[in-house]
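The shown structure was predicted, so the numbers you read here are calculated from the model rather than taken from an experiment.
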Amino acid sequence: MIDTHCHIDDEIYVHDLQAVVERQRMAGVEAILVPGINIQSIESVMHVCKAFPQYLYPALGLHPEEVNNDWRDNLLQIREAINRIGCYPKALEGLIAIGEIGLDYYWSKEYSEEQKEAFLEQLRWAVELNLPVMVHSRNASEDTLQLIRKVSQEAELSGKTLRGVVHCFSGSREIADAYIQMGWYLGIGGVITFKNCKLDQTLCPSDGERKPIPLSQLLLETDAPYMTPVPYRGKPNESRFLQYVVHNLSMTYGISENEVIELTNRASRSLFGIK
Ligand SMILES: [Zn+2]
């Protein structure tokens with residue numbers, strides 16, 4: 001299992017990091033990707049990833065909820081850090097992605113224009129640096145897709161591509177199809193285990209009216225410490241709890257848990273180039 005989105009730099013893990021990482025390894029977690037959210041993440045993400053090279057893989061970016069009056073200066077600092085740190089696999093301890101970045105109109109649309117500008121700029125970095133992106137999108141699926149399409153078209157004009165994953169995907173089948181057609185990936189986590197969650201029907205409709213979304217374009221992710229799956233809801237999430245997401249996907253698609261792990265591992269390695 002590869003956890004493609006885990007905030008293991010969160011302060012709830014730091015005091016006990018060695019033991020936390022060991023628990024994940026013992027449970028069969030092969031790699032963990034650690035996204036940044038703001039300028040503080042430059043320190044915290046790089047610090048934990050340095051301690052476990054080529055097991056924890058760093059990403060940096062400015063999260064939409066972190067976009068405020070200082071966003072231009074914050075972006076500048078993140079970009080300087082990216083230039084200094086370098087990109088995986090050329091730099092083995094370098095950045096594996098730009099993320100998490102995107103749009104979030106859930107709490108407020110106060111900074112929606114600034115969010116769009118910051119998102120656009122970071123999408124363009126990804127193209128320039130040939131890194132995939134980890135996208136956060138909440139209550140903003142149309143705008144998110146529109147900006148991704150815009151930068152994808154720009155990229156194609158110069159013979160490049162914009163690649164990425166929509167993290168914590170819980171959108172409609174139409175939005176899912178749009179990303180799949182672009183060759184993008186959907187990040188699937190604890191949400192799929194929640195009661196009343198219709199994500200399984202979006203991915204693999206039991207009425208057979210639509211074809212299933214191919215498992216080869218799904219990535220496993222926890223978004224730890226958040227989004228803890230059933231039966232551990234209320235506790236901080238950990239990568240090893242991905243086994244419950246795997247179990248759910250195996251039931252949804254009617255294939256073995258090993259096949260789910262194999263296909264999602266392959267998808268993660270393909271998008272992020274993990275050796
Ligand atoms: Zn996150």
Side-chain angles (χ1 to χ4, degrees), residues 1-6 33 35 64 99-106 132-149 152 162-224 226-233 237 239 241-268 270-272:
M1 300 186 290
I2 295 177
D3 186 352
T4 60
H5 194 113
C6 175
L33 277 54
E100 54 181 299
I101 61 174
L103 302 173
D104 192 325
Y105 304 157
Y106 183 76
V133 290
M134 300 167 166
V135 169
H136 170 109
S137 175
R138 188 157 57 154
N139 287 26
S141 51
E142 298 293 333
D143 284 0
T144 306
L145 192 56
Q146 194 198 336
L147 295 185
I148 288 173
R149 283 199 166 126
S152 290
L162 175 63
R163 305 167 289 128
V165 54
V166 186
H167 123 77
C168 202
F169 183 80
S170 59
S172 68
R173 178 62 193 234
E174 286 64 36
I175 297 288
D177 284 339
Y179 283 111
I180 296 305
Q181 277 158 22
M182 289 163 59
W184 275 52
Y185 296 80
L186 308 178
I188 306 297
V191 170
I192 200 165
T193 70
F194 297 174
K195 250 191 193 154
N196 304 322
C197 161
K198 297 188 178 73
L199 183 57
D200 53 347
Q201 286 300 314
T202 305
L203 297 176
C204 189
S206 52
D207 61 16
E209 247 175 55
R210 292 199 200 212
K211 277 202 269 181
I213 301 274
L215 259 163
S216 56
Q217 273 169 279
L218 302 186
L219 306 183
L220 301 177
E221 63 158 67
T222 54
D223 203 16
Y226 316 107
M227 300 294 169
T228 310
V230 175
Y232 287 107
R233 283 193 83 174
N237 205 352
S239 302
F241 298 156
L242 282 177
Q243 61 174 289
Y244 299 99
V245 177
V246 167
H247 177 72
N248 199 298
L249 284 171
S250 95
M251 302 298 282
T252 300
Y253 280 85
I255 62 172
S256 73
E257 295 186 6
N258 277 340
E259 281 175 287
V260 171
I261 292 171
E262 201 175 299
L263 287 165
T264 54
N265 274 356
R266 204 180 298 160
S268 304
S270 156
L271 176 61
F272 295 105

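Side-chain atoms of I2 and L219, non-hydrogen and from C-beta on, never get closer than 4.5 Å to each other. Residues I255 and L263 form a side-chain contact, since some pair of their non-hydrogen atoms from C-beta on lies under 4.5 Å apart. The side-chain heavy atoms of V133 and I101, taken from C-beta on, include a pair separated by under 4.5 Å. Residues R163 and L271 are in side-chain contact: their nearest non-hydrogen atoms beyond the backbone lie under 4.5 Å apart. Between I213 and R173 there is a side-chain heavy-atom pair separated by less than 4.5 Å. Counting heavy atoms from C-beta on, the side chains of L203 and L249 come closer than 4.5 Å. Using a 4.5 Å heavy-atom threshold, the side chains of Y244 and I192 count as separate. Proximity of I175 to T144: side-chain heavy atoms (C-beta onward) are nowhere separated by under 4.5 Å.
The minimum heavy-atom distance linking P212 with Y253 is given by the pair CB-CE2, 3.8 Å. When all heavy atoms of Q217 and I180 are compared, the closest pair comes out as NE2-O, 3.1 Å. Residues A140 and L103 share a closest heavy-atom pair of CB-CB, 3.7 Å. The two atoms that bring I148 and L162 nearest to each other are O-CD2, 3.7 Å, heavy atoms only.
To the nearest 0.5 Å, atom CG of residue N248 and atom CD of residue E257 are 10.0 Å apart. Here S206 contributes atom OG and D200 contributes atom CG; the two are 8.0 Å apart, rounded to the nearest 0.5 Å. The distance from the OG atom of S268 to the CD atom of E221 is 10.0 Å, given to the nearest 0.5 Å. Atom OG1 in T264 sits 3.5 Å away from atom CG in L220 (nearest 0.5 Å). With rounding to the nearest 0.5 angstrom, the SG atom of C6 is 7.5 Å from the CG atom of N237. A distance of 9.5 Å separates OG in S170 from CZ in R138, rounded to the nearest 0.5 Å.
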**Message:** Test side-chain contact (heavy atoms from CB on, under 4.5 Å) on K195 and V230; report intermediate values, then the result.
**Reply:** CA-CA 9 Å; K195 250 191 193 154; V230 175; over 6 Å; no
**Item:** Verdict with reasoning, D177 to R210, per side-chain contact (heavy atoms from CB on, under 4.5 Å)
**Value:** CA-CA 11 Å; D177 284 339; R210 292 199 200 212; 3.2 Å; yes
**Request:** For side-chain contact (heavy atoms from CB on, under 4.5 Å), just list the numbers for T193 and H247, CA-CA rounded to whole Å, side-chain angles, deciding distance to a tenth of an Å, and then say yes or no.
**Result:** CA-CA 9 Å; T193 70; H247 177 72; over 6 Å; no
**Request:** Could you give me the CA-CA distance, side-chain angles and deciding distance for L218 and F169, then say whether side-chain contact (heavy atoms from CB on, under 4.5 Å) is met?
**Result:** CA-CA 10 Å; L218 302 186; F169 183 80; over 6 Å; no
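Side chain of T202 to backbone of K198: a donor-acceptor contact under 3.5 angstrom is found. Not one N or O on the side chain of T228 forms a donor-acceptor pair closer than 3.5 Å with the backbone of R233.
Ring planes of H5 and H167: parallel class, angle under 30° (limits at 30 and 60°).
Heavy atoms from other residues, nucleotides or ligands lying under 6.0 Å from CD of E174 number more than 12. Other residues, nucleotides and ligands place more than 12 heavy atoms under 6.0 Å from the CD atom of Q201. Atom CG of D207 sits in a crowded spot, with more than 12 heavy atoms from other residues, nucleotides or ligands closer than 6.0 Å.
Defined by atom type and a distance below 3.5 Å, a donor-acceptor pair is present between the side-chain atoms of D3 and T222. A side-chain N or O of Y185 and one of S270 form a donor-acceptor pair less than 3.5 Å apart.
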